[in-house]
Asker: 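Following this message is one structure expressed as structure tokens.
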2 protein chains.
Amino acid sequence: MRKPVVVDVKRGVTSYDVAVRAGVSQSAVSRCFKEGASVAPATRARILEAAEALGYAPNAIAQGLITRRSNLVGVLISNLTNLNYPEVLAELTRRFSERDVRVLLFTLQTESDVPQALRQLWRYRVDGVIAAARLEREAIAQFDARGVPLVLYNRDGEGAPVSSVCCDSRAGERALVDRLADAGCRRFGVITGPADSHVSQERVAGATERLRERGLPFEVAEGGFDYHSGEVGLRRLMMTTDGRMDALVCANDAMALGAIDAARHTLGLRVPEDLSVVGFDGVGPAAWSSYQLATVRQPVKRMTEAAVAMLLERIERPDLTPERRLFAGELIPGRSARGG
Amino acid sequence: MRKPVVVDVKRGVTSYDVAVRAGVSQSAVSRCFKEGASVAPATRARILEAAEALGYAPNAIAQGLITRRSNLVGVLISNLTNLNYPEVLAELTRRFSERDVRVLLFTLQTESDVPQALRQLWRYRVDGVIAAARLEREAIAQFDARGVPLVLYNRDGEGAPVSSVCCDSRAGERALVDRLADAGCRRFGVITGPADSHVSQERVAGATERLRERGLPFEVAEGGFDYHSGEVGLRRLMMTTDGRMDALVCANDAMALGAIDAARHTLGLRVPEDLSVVGFDGVGPAAWSSYQLATVRQPVKRMTEAAVAMLLERIERPDLTPERRLFAGELIPGRSARGG
DNA sequence: CTGTTAGCGCGTTCAA
DNA sequence: TTGAACGCGCTAACAG
């Protein structure tokens with residue numbers, strides 16, 4: 001009795017199985033699945049037919065072991081609940097997929113998860129990493145040491161020389177302050193993000209810098225980038241200013257939306273008549289008709305495209321030096337601020 | 001001149017490097033990283049010290065090749081922009097991480113991406129898959145044929161025997177209809193999701209079934225699960241009913257929020273006085289004070305926990321039969337419907 | 001153009 | 001308890 005032609009599919013079809021069925025050597029099969037390898041049209045056809053029949057596709061794990069290219073990239077992302085990140089993540093995976101690269105996802109709840117995530121990244125021999133999370137200098141140094149390309153998303157290396165893609169926070173905030181000041185606002189409040197967030201620091205610095213240049217007074221309250229902290233921040237600022245604040249700059253959209261709701265539904269203020277509010281990011285809900293938030297929209301598509309391109313470039317050519325790309329955001333005038 | 005002790009770290013530290021440094025065999029090193037292998041305490045210490053010094057960790061790729069376990073699971077997810085999915089994804093990756101399993105992410109824009117994603121899943125020898133995306137019966141059959149466990153999230157196999165975790169749509173919708181009817185609503189509108197969405201079909205069926213039982217008239221409009229289609233759907237239903245509709249059932253929260261905004265800002269209706277609106281999901285913005293949406297909240301934490309547990313169980317014991325787990329949602333009375 | 005051969009890094013026998 | 005040897009599935013020389 002002959003061995004059955006149908007291989008045990010649970011065990012996985014190998015190039016050897018295909019070779020046997022097509023009556024060629026295993027390496028011939030291998031070449032068939034490689035660009036620009038020399039295979040006679042006739043044999044190639046026979047092999048592909050056999051592969052098709054058996055449902056064969058090269059084992060990426062074995063491939064990675066030998067080529068030292070896993071075609072895997074790590075994506076580190078904190079706070080998936082940040083209204084902004086789902087879009088970023090979807091765009092990243094889509095663009096990587098198009099280029100035949102798979103995404104290994106790590107969502108970080110806290111900073112303490114970073115070392116653990118890195119260990120796994122090393123173990124899986126990822127070809128590169130995109131990080132939308134806070135990395136210590138020491139962590140960044142590991143990428144260098146291991147020769148794994150790294151691109152930071154909306155962060156910079158805090159001095160370390162590392163590639164990054166960012167939206168220009170300072171310029172965006174300056175434009176937002178001008179938007180408010182030009183509309184006649186005079187008493188400002190600022191709600192920051194978490195103190196350890198570099199993005200928050202940049203945005204707040206941009207805003208306050210411009211406020212000082214224009215000689216406009218302001219108060220600052222600390223927030224946490226979430227909706228609720230916008231509500232809380234507004235209430236605190238209103239107390240600080242004895243209710244005379246007429247403009248509020250929030251370090252992101254989520255807080256701005258929380259502040260608008262608190263103003264309208266808790267404090268009984270009209271937005272924008274009594275209080276003008278601006279945010280940053282350009283998330284979906286910001287455009288909803290309840291809010292029509294004045295904000296700066298990050299060019300997510302262009303930023304993700306740049307991040308992917310930069311990373312793949314550095315995977316191909318590890319000697320490339322770090323590069324920082326800064327994208328201007330788009331000012332959305334909105335109606336949550338006077339004069340919109 | 002001796003070979004330098006520091007290996008070329010760019011090429012990756014191997015168990016062999018560690019073995020040399022510790023003066024043992026490669027297999028001894030291997031055993032050190034395996035639970036319950038017999039290694040003398042003294043040698044183990046020497047080996048671990050050497051490993052530490054060299055920054056060694058087992059190469060997961062090579063490990064996978066030989067053990068036939070990649071410790072990789074695929075997560076298929078469509079519409080990351082569905083306000084509900086970011087939380088689901090974050091929970092899934094967190095729970096998998098805790099159990100030392102990595103997530104290979106595939107975000108699908110369209111159904112046509114499915115075959116392509118599946119091919120990659122097979123190539124990477126994932127141990128299992130969680131799919132929050134529409135899969136044809138034929139696709140599901142491939143999982144069986146290859147012996148790769150599959151758990152569907154918020155979908156069922158359309159007749160195929162496959163494990164799944166779902167939120168009870170019918171019961172939830174029935175409760176929502178009761179919520180509205182008990183508050184005195186009499187003319188109903190229903191906005192569905194996309195026609196090919198099984199979740200939408202279930203939810204709409206649950207709602208209309210209950211409406212018929214209670215003898216309440218209703219009109220139906222088709223939506224697409226997004227904010228905008230809630231606006232559009234409401235306008236259409238208002239025309240159909242000559243403006244006499246007083247209750248609107250939306251197949252998800254995003255559309256409900258769009259409908260509320262359209263009612264208030266475009267049609268000049270008061271919500272809930274003139275129109276009561278309910279959604280489904282319990283996404284973040286539904287709780288914002290502008291909306292306080294009446295909805296059913298999916299128990300995302302329990303559902304993701306169940307999905308992860310079911311999948312890992314089936315990876316350990318491939319002979320387990322399919323199981324369907326149905327979770328009841330939590331009714332949030334809200335204030336977007338009368339009597340809240 | 002094709003087959004043979006030698007590994008990639010590791011887990012797992014099997015003797016010692 | 002330890003080490004030698006083998007092979008997971010594949011790619012990359014190298015001959016023919």
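Reckoned from all heavy atoms, side chains included, excluding hydrogens, waters and symmetry mates. Residue numbering restarts at 1 for every chain, and letters A, B, ... go by the order of the sequence lines. Source: prediction; values computed, not measured.
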Asker: Does C/dG3 have OP1 or OP2 under 4.0 Å away from a side-chain N or O of A/R31?
Answerer: no
Asker: Report the distance from atom OH of A/Y124 to atom C1' of C/dC10, rounded to the nearest whole Å.
Answerer: 14 Å
Asker: State whether A/R21 and A/E52 are salt-bridged, where the test is any N-O pair (Lys NZ or Arg NE/NH1/NH2 against Asp/Glu carboxylate O) under 4.0 Å.
Answerer: no
Asker: Could you work out which one of D/dG9, D/dG3, D/dT2 sits closest to the side chain of B/V24?
Answerer: D/dG3
Asker: Could you give the CZ-to-P distance, from B/R68 to D/dC8, as a whole number of Å?
Answerer: 8 Å
Asker: Report the residue from A/N71, A/V101, A/L121 that forms a side chain to side chain contact (heavy atoms under 4.5 Å, CB included) with A/V126.
Answerer: A/L121
Asker: Just call it for B/T67: base, sugar-phosphate, or nothing, with non-hydrogen atoms closer than 4.0 Å on any strand.
Answerer: sugar-phosphate
Asker: For the pair made of CD1 in B/I66 and C1' in C/dG11, what is the distance, rounded to whole Å?
Answerer: 4 Å
Asker: Quick one: is C/dG11 close enough that its OP1 or OP2 comes under 4.0 Å of any side-chain N or O from B/S30?
Answerer: yes
Asker: Taking the nucleotide of DNA chain D with the closest heavy atom to each, which residue, B/A62 or B/S38, is nearer the 5' end?
Answerer: B/S38
Asker: For C/dC10 and B/Q63 - does any side-chain N or O of the residue sit under 4.0 Å from the phosphate oxygens OP1/OP2?
Answerer: no
Asker: Among the nucleotides D/dA12, D/dA5, C/dT2, which one has an atom lying closest to any side-chain atom of B/S27?
Answerer: D/dA5
Asker: Report yes or no: does A/N82 contribute a side-chain atom to a donor-acceptor pair with the main-chain N or O of A/N84 at less than 3.5 Å?
Answerer: no
Asker: Separation of B/K34 atom NZ from D/dT2 atom C1', in whole Å?
Answerer: 15 Å
Asker: Please name the pair of heavy atoms, one in A/Y56 and one in A/T14, separated by the smallest distance, quoted to 0.1 Å.
Answerer: CE1-C, 3.5 Å
Asker: Would you please confirm or rule out a distance under 4.0 Å between OP1 or OP2 of D/dG9 and any side-chain N or O of A/S15?
Answerer: no
Asker: Check whether any side-chain N or O of B/S25 sits under 4.0 Å from OP1 or OP2 of D/dT2, and answer yes or no.
Answerer: no
Asker: So A/V39, base contact, sugar-phosphate only, or nothing? Heavy-atom distance under 4.0 Å.
Answerer: sugar-phosphate
Asker: Would you kindly give the CZ-to-P distance between B/R123 and D/dG9, to the nearest whole Å?
Answerer: 15 Å
Asker: Expressed as a whole number of angstroms, how long is the span from B/I47:CD1 to D/dT1:P?
Answerer: 13 Å
Asker: So what does A/F33 hit on the nucleic acid, given a heavy-atom distance under 4.0 Å: a base, only sugar-phosphate, or nothing?
Answerer: nothing
Asker: Can you measure A/Q26 atom CD to D/dC8 atom P for me and round it to whole angstrom units?
Answerer: 11 Å
Asker: For A/L108, is there any backbone N or O sitting under 3.5 Å from a side-chain donor or acceptor partner on B/R94?
Answerer: no
Asker: Of the options D/dA12, D/dC10, C/dT2, whose atoms approach the side-chain atoms of A/N59 most closely?
Answerer: D/dC10
Asker: Assess, by modelled atom type and distance only, whether the side chains of B/R125 and B/S70 contain a donor and an acceptor separated by less than 3.5 Å.
Answerer: no
Asker: Let me know the distance between OH of A/Y16 and P of D/dT11, rounded to the nearest Å.
Answerer: 17 Å
Asker: Consider the side chain of B/A40, meaning its heavy atoms from C-beta on, and name the nucleotide among C/dG9, D/dG3, D/dT1 that approaches it most closely.
Answerer: D/dT1
